[in-house]
Amino acid sequence: MPIKTHKIRIYPNAEMVTVITELMDYNRFCWNKGLETWNGMYEESLLMKNKKLRPSGRKVATNW
């Protein structure tokens with residue numbers, strides 16, 4: 001039996017467009033902050049030549 005997919009179009013008003021834009025900006029901010037933390041941890045692990053210090057999702061989340 002095939003899976004049925006329904007496409008629904010939404011037409012947000014000006015207020016909802018503002019809210020969605022703010023949420024996307026916050027999401028981008030969080031992504032960039034996590035990426036910055038990841039790169040910093042990776043650079044430190046290379047400088048110290050310690051593979052145990054390499055970043056993981058859990059380590060980045062707790063250090064951010």
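This is a predicted model, so every value here is computed, not measured. FYI, side chains are in, hydrogens and waters are out, and symmetry mates aren't considered; it's all heavy atoms of this structure.
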[X] side, atom [atom1]; [Y] side, atom [atom2] - distance, nearest 0.5 Å:
| X | Y | atom1 | atom2 | value |
| --- | --- | --- | --- | --- |
| M16 | T21 | CE | OG1 | 10.0 Å |
| E43 | L53 | CD | CG | 13.0 Å |
| N27 | I20 | CG | CD1 | 13.0 Å |

TODO: Identify the two heavy atoms, one from T62 and one from K59, that lie closest to each other, and give their separation to 0.1 Å.
DONE: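 The answer is OG1-O, 3.0 Å.
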
Below 4.5 Å, heavy atoms only, C-beta onward: do [X] and [Y] meet side chain to side chain?
| X | Y | value |
| --- | --- | --- |
| E44 | L47 | no |
| W31 | L35 | yes |
| N50 | S45 | no |
| R54 | L46 | yes |

Task: Steps toward side chain to side chain contact (heavy atoms under 4.5 Å, CB included) verdict (R28, D25) - done: CA-CA 5 Å; R28 189 176 302 117; D25 287 344; 3.0 Å; yes

